[in-house]
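Below is one structure, written out as C-alpha coordinates, with a few remarks after it.
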Protein chains: 2
Amino acid sequence: MSDPARLAIGDLARQTGTKVNTVRFYEDIGLLPCPMRTASGRRIYNAADVRRLSFIRHGRTLGFSVDEIRSLLALSDQPERDCGEAAAIARQHLRDIEERIARLQTLRSALVGVAASCDGGRAADCRVIEAIAGVALLNNE
Amino acid sequence: MSDPARLAIGDLARQTGTKVNTVRFYEDIGLLPCPMRTASGRRIYNAADVRRLSFIRHGRTLGFSVDEIRSLLALSDQPERDCGEAAAIARQHLRDIEERIARLQTLRSALVGVAASCDGGRAADCRVIEAIAGVALLNNE
DNA sequence: ATACAATCTACAGCTACTGTAGAAGCAAGC
DNA sequence: GCTTGCTTCTACAGTAGCTGTAGATTGTAT
(Lines give C-alpha, C1' and ligand atoms only; values in the text may rest on other atoms or scores of the structure.)
Protein backbone atom coordinates (compact mmCIF):
# COMPACT_ATOMS: atom_id res chain seq x y z
CA MET A 1 0.00 0.00 0.00
CA SER A 2 2.31 2.73 -1.27
CA ASP A 3 -0.40 5.19 -2.37
CA PRO A 4 -0.60 7.64 0.56
CA ALA A 5 -4.34 8.17 -0.02
CA ARG A 6 -5.04 4.47 0.56
CA LEU A 7 -4.53 3.65 4.20
CA ALA A 8 -4.42 0.21 5.71
CA ILE A 9 -6.26 -0.32 8.96
CA GLY A 10 -2.99 -0.15 10.86
CA ASP A 11 -2.15 3.24 9.34
CA LEU A 12 -5.57 4.60 10.27
CA ALA A 13 -5.16 3.25 13.76
CA ARG A 14 -1.71 4.79 14.15
CA GLN A 15 -2.76 8.19 12.82
CA THR A 16 -5.67 8.41 15.25
CA GLY A 17 -4.23 6.74 18.31
CA THR A 18 -6.70 3.88 18.11
CA LYS A 19 -6.17 0.13 18.35
CA VAL A 20 -6.80 -1.87 15.22
CA ASN A 21 -9.39 -3.98 16.98
CA THR A 22 -11.18 -0.84 18.08
CA VAL A 23 -11.41 0.42 14.50
CA ARG A 24 -13.13 -2.81 13.52
CA PHE A 25 -15.34 -2.50 16.59
CA TYR A 26 -16.47 0.99 15.54
CA GLU A 27 -17.30 -0.44 12.15
CA ASP A 28 -19.34 -3.22 13.77
CA ILE A 29 -21.44 -0.78 15.78
CA GLY A 30 -21.89 1.56 12.85
CA LEU A 31 -19.76 4.54 13.89
CA LEU A 32 -17.46 4.01 10.92
CA PRO A 33 -18.83 3.04 7.50
CA CYS A 34 -17.85 -0.27 5.94
CA PRO A 35 -14.76 0.63 3.93
CA MET A 36 -13.76 -0.62 0.50
CA ARG A 37 -11.59 -3.71 0.37
CA THR A 38 -8.58 -4.78 -1.60
CA ALA A 39 -8.83 -7.83 -3.82
CA SER A 40 -7.64 -9.94 -0.93
CA GLY A 41 -10.21 -8.50 1.46
CA ARG A 42 -8.23 -5.92 3.40
CA ARG A 43 -9.88 -2.67 4.44
CA ILE A 44 -8.87 0.54 2.65
CA TYR A 45 -9.29 3.94 4.30
CA ASN A 46 -8.78 7.55 3.28
CA ALA A 47 -8.46 11.03 4.76
CA ALA A 48 -12.20 11.32 5.44
CA ASP A 49 -12.01 8.19 7.58
CA VAL A 50 -9.12 9.71 9.51
CA ARG A 51 -11.22 12.82 10.20
CA ARG A 52 -14.26 10.79 11.25
CA LEU A 53 -12.28 8.53 13.55
CA SER A 54 -10.45 11.51 15.04
CA PHE A 55 -13.81 13.06 15.80
CA ILE A 56 -14.92 9.86 17.49
CA ARG A 57 -11.74 9.63 19.55
CA HIS A 58 -11.83 13.27 20.60
CA GLY A 59 -15.44 12.85 21.60
CA ARG A 60 -14.59 9.79 23.68
CA THR A 61 -11.69 11.65 25.29
CA LEU A 62 -14.20 14.33 26.25
CA GLY A 63 -16.28 11.61 27.87
CA PHE A 64 -19.14 11.49 25.37
CA SER A 65 -20.79 8.09 25.14
CA VAL A 66 -20.85 6.17 21.90
CA ASP A 67 -24.55 7.01 21.55
CA GLU A 68 -23.89 10.71 22.02
CA ILE A 69 -21.16 10.56 19.43
CA ARG A 70 -23.51 8.76 17.10
CA SER A 71 -25.95 11.67 17.41
CA LEU A 72 -23.23 14.26 16.89
CA LEU A 73 -21.98 12.41 13.82
CA ALA A 74 -25.50 12.21 12.43
CA LEU A 75 -25.77 15.98 12.84
CA SER A 76 -22.50 16.71 11.12
CA ASP A 77 -23.50 14.33 8.33
CA GLN A 78 -26.56 16.54 7.69
CA PRO A 79 -25.14 20.04 7.72
CA GLU A 80 -28.49 21.77 7.14
CA ARG A 81 -30.06 20.45 10.30
CA ASP A 82 -30.39 22.65 13.32
CA CYS A 83 -27.46 22.56 15.62
CA GLY A 84 -29.41 23.14 18.82
CA GLU A 85 -29.43 19.39 19.34
CA ALA A 86 -25.65 19.27 19.42
CA ALA A 87 -25.58 22.10 21.92
CA ALA A 88 -28.15 20.27 24.04
CA ILE A 89 -26.08 17.09 24.03
CA ALA A 90 -23.00 19.01 25.08
CA ARG A 91 -24.81 20.86 27.86
CA GLN A 92 -26.39 17.65 29.16
CA HIS A 93 -23.01 16.01 29.11
CA LEU A 94 -21.56 18.91 31.07
CA ARG A 95 -24.30 18.53 33.68
CA ASP A 96 -23.55 14.80 33.95
CA ILE A 97 -19.89 15.48 34.53
CA GLU A 98 -20.60 18.13 37.14
CA GLU A 99 -22.85 15.66 38.92
CA ARG A 100 -20.15 13.02 38.86
CA ILE A 101 -17.63 15.50 40.24
CA ALA A 102 -20.00 16.39 43.05
CA ARG A 103 -20.61 12.73 43.90
CA LEU A 104 -16.91 11.96 43.90
CA GLN A 105 -16.21 14.92 46.16
CA THR A 106 -18.78 13.68 48.65
CA LEU A 107 -17.12 10.29 48.45
CA ARG A 108 -13.75 11.90 48.94
CA SER A 109 -14.70 13.65 52.15
CA ALA A 110 -16.13 10.41 53.51
CA LEU A 111 -12.94 8.56 52.60
CA VAL A 112 -10.53 11.13 53.95
CA GLY A 113 -11.87 10.34 57.40
CA VAL A 114 -11.80 6.60 56.83
CA ALA A 115 -8.32 6.44 55.36
CA ALA A 116 -6.74 8.63 58.00
CA SER A 117 -8.29 6.78 60.90
CA CYS A 118 -6.05 3.76 60.90
CA ASP A 119 -2.42 2.93 60.48
CA GLY A 120 -1.90 -0.53 61.89
CA GLY A 121 -3.07 -2.68 64.76
CA ARG A 122 -5.40 -5.62 65.03
CA ALA A 123 -7.92 -5.93 62.23
CA ALA A 124 -10.57 -6.51 64.86
CA ASP A 125 -10.12 -2.90 65.94
CA CYS A 126 -9.61 -1.46 62.49
CA ARG A 127 -11.39 1.83 62.10
CA VAL A 128 -11.41 1.52 58.31
CA ILE A 129 -13.38 -1.70 58.46
CA GLU A 130 -15.56 -0.31 61.21
CA ALA A 131 -16.28 2.77 59.20
CA ILE A 132 -17.37 0.78 56.18
CA ALA A 133 -19.38 -1.65 58.25
CA GLY A 134 -21.06 1.02 60.36
CA VAL A 135 -24.08 2.98 59.36
CA ALA A 136 -22.56 6.00 61.09
CA LEU A 137 -20.50 7.15 58.17
CA LEU A 138 -23.39 7.16 55.75
CA ASN A 139 -26.29 8.18 57.96
CA ASN A 140 -24.99 10.44 60.69
CA GLU A 141 -22.61 12.69 58.83
CA MET B 1 -40.69 -18.15 57.15
CA SER B 2 -42.12 -16.78 60.38
CA ASP B 3 -38.98 -17.19 62.53
CA PRO B 4 -37.42 -13.71 62.48
CA ALA B 5 -33.91 -15.19 62.63
CA ARG B 6 -34.45 -17.09 59.37
CA LEU B 7 -34.55 -14.67 56.48
CA ALA B 8 -35.56 -15.47 52.94
CA ILE B 9 -33.46 -13.99 50.16
CA GLY B 10 -36.09 -11.34 49.57
CA ASP B 11 -35.96 -10.25 53.21
CA LEU B 12 -32.18 -10.01 53.10
CA ALA B 13 -32.41 -8.02 49.91
CA ARG B 14 -34.97 -5.64 51.34
CA GLN B 15 -33.05 -5.08 54.58
CA THR B 16 -29.89 -4.18 52.73
CA GLY B 17 -31.25 -2.34 49.73
CA THR B 18 -30.00 -5.00 47.35
CA LYS B 19 -31.73 -6.75 44.48
CA VAL B 20 -32.40 -10.44 44.88
CA ASN B 21 -30.42 -11.24 41.76
CA THR B 22 -27.51 -9.26 43.15
CA VAL B 23 -27.51 -11.32 46.35
CA ARG B 24 -27.21 -14.48 44.29
CA PHE B 25 -24.53 -12.81 42.21
CA TYR B 26 -22.46 -12.03 45.31
CA GLU B 27 -22.80 -15.66 46.32
CA ASP B 28 -21.59 -16.75 42.87
CA ILE B 29 -18.47 -14.62 43.07
CA GLY B 30 -17.77 -15.65 46.64
CA LEU B 31 -18.50 -12.44 48.53
CA LEU B 32 -21.34 -14.13 50.39
CA PRO B 33 -21.01 -17.71 51.68
CA CYS B 34 -23.34 -20.38 50.35
CA PRO B 35 -26.23 -20.27 52.79
CA MET B 36 -28.20 -23.16 54.22
CA ARG B 37 -31.28 -24.22 52.34
CA THR B 38 -34.81 -25.21 53.29
CA ALA B 39 -36.02 -28.71 52.41
CA SER B 40 -37.30 -27.32 49.11
CA GLY B 41 -34.02 -25.64 48.28
CA ARG B 42 -34.62 -22.03 49.24
CA ARG B 43 -31.78 -20.01 50.75
CA ILE B 44 -31.92 -19.15 54.46
CA TYR B 45 -30.07 -16.16 55.87
CA ASN B 46 -29.46 -14.68 59.31
CA ALA B 47 -28.30 -11.50 61.01
CA ALA B 48 -24.64 -12.18 60.20
CA ASP B 49 -25.51 -12.29 56.53
CA VAL B 50 -27.29 -8.96 56.87
CA ARG B 51 -24.16 -7.45 58.43
CA ARG B 52 -21.88 -8.89 55.76
CA LEU B 53 -24.07 -7.76 52.90
CA SER B 54 -24.44 -4.31 54.46
CA PHE B 55 -20.67 -4.09 54.62
CA ILE B 56 -20.45 -5.01 50.96
CA ARG B 57 -23.08 -2.48 49.95
CA HIS B 58 -21.52 0.32 52.00
CA GLY B 59 -18.18 -0.47 50.47
CA ARG B 60 -19.65 -0.35 46.99
CA THR B 61 -21.36 2.96 47.79
CA LEU B 62 -17.95 4.27 48.78
CA GLY B 63 -16.69 3.18 45.41
CA PHE B 64 -14.55 0.23 46.48
CA SER B 65 -14.24 -2.45 43.83
CA VAL B 66 -15.45 -5.96 44.45
CA ASP B 67 -11.83 -7.07 44.74
CA GLU B 68 -11.05 -4.41 47.32
CA ILE B 69 -14.10 -5.43 49.29
CA ARG B 70 -12.98 -9.03 49.08
CA SER B 71 -9.68 -8.05 50.70
CA LEU B 72 -11.38 -5.98 53.38
CA LEU B 73 -13.75 -8.87 54.15
CA ALA B 74 -10.84 -11.29 54.37
CA LEU B 75 -9.19 -8.95 56.88
CA SER B 76 -12.27 -8.63 59.03
CA ASP B 77 -12.67 -12.41 58.89
CA GLN B 78 -9.20 -12.75 60.46
CA PRO B 79 -9.29 -10.25 63.30
CA GLU B 80 -5.74 -10.93 64.43
CA ARG B 81 -4.15 -9.90 61.18
CA ASP B 82 -2.54 -6.54 60.84
CA CYS B 83 -4.83 -3.81 59.76
CA GLY B 84 -2.26 -1.82 57.82
CA GLU B 85 -3.45 -3.53 54.69
CA ALA B 86 -6.95 -2.17 55.14
CA ALA B 87 -5.56 1.29 55.66
CA ALA B 88 -3.44 0.91 52.52
CA ILE B 89 -6.47 -0.13 50.47
CA ALA B 90 -8.44 2.85 51.72
CA ARG B 91 -5.60 5.28 51.03
CA GLN B 92 -5.04 3.89 47.54
CA HIS B 93 -8.73 4.17 46.87
CA LEU B 94 -8.68 7.76 48.03
CA ARG B 95 -5.84 8.51 45.64
CA ASP B 96 -7.81 6.91 42.79
CA ILE B 97 -10.81 9.06 43.54
CA GLU B 98 -8.75 12.22 43.73
CA GLU B 99 -7.29 11.37 40.37
CA ARG B 100 -10.71 10.82 38.87
CA ILE B 101 -11.89 14.15 40.27
CA ALA B 102 -8.90 15.89 38.72
CA ARG B 103 -9.52 14.27 35.35
CA LEU B 104 -13.20 15.18 35.41
CA GLN B 105 -12.38 18.77 36.28
CA THR B 106 -10.03 19.03 33.31
CA LEU B 107 -12.81 17.59 31.19
CA ARG B 108 -15.24 20.07 32.67
CA SER B 109 -13.19 23.10 31.74
CA ALA B 110 -12.83 21.80 28.21
CA LEU B 111 -16.57 21.23 27.97
CA VAL B 112 -17.64 24.55 29.46
CA GLY B 113 -16.19 26.23 26.38
CA VAL B 114 -17.70 23.70 24.01
CA ALA B 115 -21.18 23.73 25.48
CA ALA B 116 -21.44 27.49 25.68
CA SER B 117 -20.23 28.09 22.16
CA CYS B 118 -23.42 27.23 20.31
CA ASP B 119 -27.14 27.72 20.63
CA GLY B 120 -28.62 27.04 17.24
CA GLY B 121 -27.89 27.58 13.59
CA ARG B 122 -26.78 25.32 10.79
CA ALA B 123 -25.01 22.15 11.89
CA ALA B 124 -22.39 22.89 9.28
CA ASP B 125 -21.33 25.90 11.33
CA CYS B 126 -21.80 24.28 14.73
CA ARG B 127 -19.03 25.21 17.08
CA VAL B 128 -19.73 22.20 19.30
CA ILE B 129 -19.06 19.81 16.45
CA GLU B 130 -16.12 21.90 15.31
CA ALA B 131 -14.68 21.87 18.77
CA ILE B 132 -14.85 18.11 19.03
CA ALA B 133 -13.58 17.60 15.51
CA GLY B 134 -10.77 20.10 15.82
CA VAL B 135 -7.40 19.42 17.24
CA ALA B 136 -7.41 22.92 18.67
CA LEU B 137 -9.28 22.02 21.79
CA LEU B 138 -6.96 19.23 22.77
CA ASN B 139 -3.63 20.40 21.47
CA ASN B 140 -3.52 24.17 21.54
CA GLU B 141 -5.13 24.98 24.85
C1' DA C 1 -59.00 -24.91 44.84
C1' DT C 2 -57.11 -21.16 42.92
C1' DA C 3 -54.59 -17.17 42.38
C1' DC C 4 -50.57 -14.68 43.06
C1' DA C 5 -46.06 -13.80 45.04
C1' DA C 6 -41.55 -15.44 45.86
C1' DT C 7 -37.99 -18.39 44.75
C1' DC C 8 -35.20 -21.57 41.92
C1' DT C 9 -31.54 -22.33 37.91
C1' DA C 10 -29.48 -20.83 33.93
C1' DC C 11 -28.32 -17.70 30.77
C1' DA C 12 -28.34 -13.33 27.83
C1' DG C 13 -27.40 -8.40 27.83
C1' DC C 14 -25.42 -3.90 29.18
C1' DT C 15 -20.68 -0.36 28.00
C1' DA C 16 -16.73 0.15 25.37
C1' DC C 17 -13.54 -2.01 24.33
C1' DT C 18 -9.36 -5.55 24.55
C1' DG C 19 -7.20 -9.79 23.76
C1' DT C 20 -6.71 -14.26 21.57
C1' DA C 21 -6.64 -18.16 18.11
C1' DG C 22 -5.85 -19.72 13.76
C1' DA C 23 -5.54 -18.74 9.00
C1' DA C 24 -4.08 -16.01 5.22
C1' DG C 25 -1.59 -12.12 2.83
C1' DC C 26 2.47 -9.30 2.01
C1' DA C 27 7.33 -7.42 1.76
C1' DA C 28 12.22 -8.09 2.28
C1' DG C 29 16.35 -10.73 2.34
C1' DC C 30 18.99 -14.80 0.64
C1' DG D 1 11.78 -19.73 -4.86
C1' DC D 2 11.88 -19.81 0.10
C1' DT D 3 11.76 -18.34 4.59
C1' DT D 4 11.01 -15.01 8.17
C1' DG D 5 8.26 -11.89 10.33
C1' DC D 6 4.79 -8.43 10.27
C1' DT D 7 -0.04 -7.20 9.20
C1' DT D 8 -4.54 -8.33 8.45
C1' DC D 9 -8.55 -11.33 8.39
C1' DT D 10 -12.81 -13.50 11.06
C1' DA D 11 -14.81 -14.95 15.11
C1' DC D 12 -15.26 -15.25 19.68
C1' DA D 13 -14.26 -14.86 24.84
C1' DG D 14 -13.32 -11.78 28.62
C1' DT D 15 -13.38 -7.42 31.46
C1' DA D 16 -16.78 -5.00 35.87
C1' DG D 17 -20.82 -5.29 38.24
C1' DC D 18 -24.58 -6.15 37.96
C1' DT D 19 -29.70 -6.52 35.74
C1' DG D 20 -33.27 -8.76 33.39
C1' DT D 21 -35.55 -12.76 31.48
C1' DA D 22 -37.59 -17.57 30.83
C1' DG D 23 -39.63 -21.39 32.58
C1' DA D 24 -40.34 -24.25 36.46
C1' DT D 25 -41.48 -24.76 41.56
C1' DT D 26 -42.95 -23.59 46.07
C1' DG D 27 -45.38 -20.99 49.57
C1' DT D 28 -49.25 -18.34 51.17
C1' DA D 29 -53.70 -16.16 51.27
C1' DT D 30 -58.47 -16.31 50.09
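Residue numbers begin at 1 in each chain, while the letters A, B, ... track the order of the sequences. All figures in this text were calculated on a predicted structure; none of them were measured in a lab.
Residues satisfying the salt bridge (charged side-chain N to carboxylate O under 4.0 Å, His left out) criterion with B:R81, sequence neighbours excluded, are B:E85. The side chain to side chain donor-acceptor pair (under 3.5 Å) check on A:R51 picks up nothing, with sequence neighbours excluded.
Here the side chain of A:H93 pairs no donor or acceptor atom with the backbone of B:L111 at under 3.5 angstrom.
Nucleotide D:dT7 holds its C1' atom 10 Å from the CG atom of A:D11, rounded to whole Å. We find that CG of B:L7 is positioned 15 Å from C1' of C:dT7, with the value rounded to whole Å. Whole-Å rounding puts the A:R70 CZ to C:dA16 C1' distance at 12 Å. With rounding to whole Å, B:R6 atom CZ is found 14 Å from C:dT7 atom P.
Applying the salt bridge (charged side-chain N to carboxylate O under 4.0 Å, His left out) test to residues at least two apart or on different chains, the pairs with a partner in residues 12-24 of chain A are A:D11-A:R14. Within the structure, every pair that satisfies the salt bridge (charged side-chain N to carboxylate O under 4.0 Å, His left out) test and touches residues 58-68 of chain A, not counting sequence neighbours, is listed here: A:D67-A:R70.
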Q | Base-contact (B) and sugar-phosphate-only (S) positions in nucleotides 9-22 of chain D, heavy-atom cut-off under 4.0 Å, - elsewhere | A | SB------BBSBB-
For residues 26-35 of chain B, dump all side-chain donor-acceptor pairs below 3.5 Å to protein atoms at least two apart in sequence or in another chain.
unit_1	atom_1	unit_2	atom_2	d
B:Y26	OH	B:R57	NH2	2.6
B:E27	OE1	B:R43	NE	2.8

